[in-house]
Visitor: 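Just dropping this structure here.
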Number of protein chains: 2
Amino acid sequence: MAIDETDRKLLAELQLDATQSYAALGQVVGMSAGATHERVRKLKAAGVIRRTAVEVDPAAVGQGVLAFVMLDADAWMGDEPTLRALAEIPAVQEAHIIAGPASVLVKVRTATTEDLQTTLRALHKVDGVTSTQTIVVLESCFERPPAVM
Amino acid sequence: MAIDETDRKLLAELQLDATQSYAALGQVVGMSAGATHERVRKLKAAGVIRRTAVEVDPAAVGQGVLAFVMLDADAWMGDEPTLRALAEIPAVQEAHIIAGPASVLVKVRTATTEDLQTTLRALHKVDGVTSTQTIVVLESCFERPPAVM
DNA sequence: ATTGAAATCCGGCTCTG
DNA sequence: CAGAGCCGGATTTCAAT
């Protein structure tokens, strides 16, 4: 889909606050509410907007500990069963196949460091994983939406 | 704030789809639309729900390249000026102070690997940064909302 | 339950290819 | 001439109290 400057502005606004009315959104880009609605509808239909969701404070829901774990493997980990095994660990929020020394990088959130340990044990049990290297986050300085270019 | 089982269900639903009506949400937790509305209002007021935003496909807006960069520093990087310098680099989406060999871990999204290189150059120029170690993501297997516990 | 606002739908207009 | 995009109003649904 072709994204123009108006779409970018809409996306930037909607990443900050998706609750505002189409009339207010229209103000920002200088269009009517109806036309704005149509733009956003198309962005959703095209998959540019994947979904609209609330952003929850992790600490408030028992996820105060954040860590990144690099997984080394003795085989290719990009296959379905392996990824499903990772997805079945609830603490695992993201999984990325990476270039470089390790094979997979996962982002993990838990309530306590003890739960983190439990998660690491679970990661070790995943087929193909030979070792893990954990980076514990002391403080998240900021997490923000992608700058729409 | 105290979060009960009903709140958790609401949060889980709203993380998947924040566009549904309070009537539909109420169905899930077995409550009236009005009562559901009140619950969600309190969750927002308490900061458990930080905001509601659209989730944009990074590749669709010229952010197809994802990398994690670990920054080594010769001084403490947790100060305001340093963090502001990081925040001013648009490609930097997240910054975390970490335990372990490096000081800071940043998540970076760019359109091309060439832009990634530009970003790395910018990171090197940040005060206190002595070296960087980059992990390029070949494929993101999944990125999902935190499992509300 | 009631009020007010906002999303959604529709017909007509304009500009462009 | 055909198509797409935008506007403005009418309708209905939903949020808010």
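Fair warning: this is a prediction, and the values are worked out from it, not measured in the lab. Scope of the values below: all heavy atoms of this structure, side chains included, with no hydrogens, waters or symmetry mates.
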Visitor: Rounded off to whole Å, could you give me the CD-to-C1' distance for the A:Glu38 and C:dT8 pair?
Guide: 11 Å
Visitor: Between B:Asp57 and B:Ala59 (side chain of the first, backbone of the second, donor and acceptor by atom type, cut-off under 3.5 Å), is there such a pair?
Guide: yes
Visitor: Please examine the side chains of B:Met70 and B:Thr132, heavy atoms only from C-beta on, and report whether any two atoms are closer than 4.5 Å.
Guide: no
Visitor: Would you tell me whether B:Ser131 and B:Asp72 have side-chain atoms, one donor and one acceptor, within less than 3.5 Å of each other?
Guide: yes
Visitor: When the distance from CD of A:Gln20 to P of C:dA5 is rounded to whole Å, what number comes out?
Guide: 18 Å
Visitor: Would you indicate what B:Arg41 reaches in the nucleic acid, counting non-hydrogen atoms under 4.0 angstrom: base, sugar-phosphate, or nothing?
Guide: nothing
Visitor: Please identify the 5'-most and 3'-most nucleotides of DNA chain D with any atom under 4.0 angstrom from a heavy atom of chain B.
Guide: D:dA15 to D:dA16
Visitor: Can you measure B:His37 atom NE2 to C:dA5 atom C1' for me and round it to whole angstrom units?
Guide: 13 Å
Visitor: Do A:Lys9 and A:Glu5 meet the salt-bridge criterion of a basic N to acidic O distance under 4.0 Å?
Guide: no
Visitor: Test side chain to side chain contact (heavy atoms under 4.5 Å, CB included) on A:Val54 and B:Arg50; report intermediate values, then the result.
Guide: CA-CA 7 Å; A:Val54 298; B:Arg50 285 181 176 158; over 6 Å; no
Visitor: If you count the non-hydrogen atoms of other residues, nucleotides and ligands that lie under 6.0 Å from CG in B:Asp79, is the total more than 12?
Guide: yes
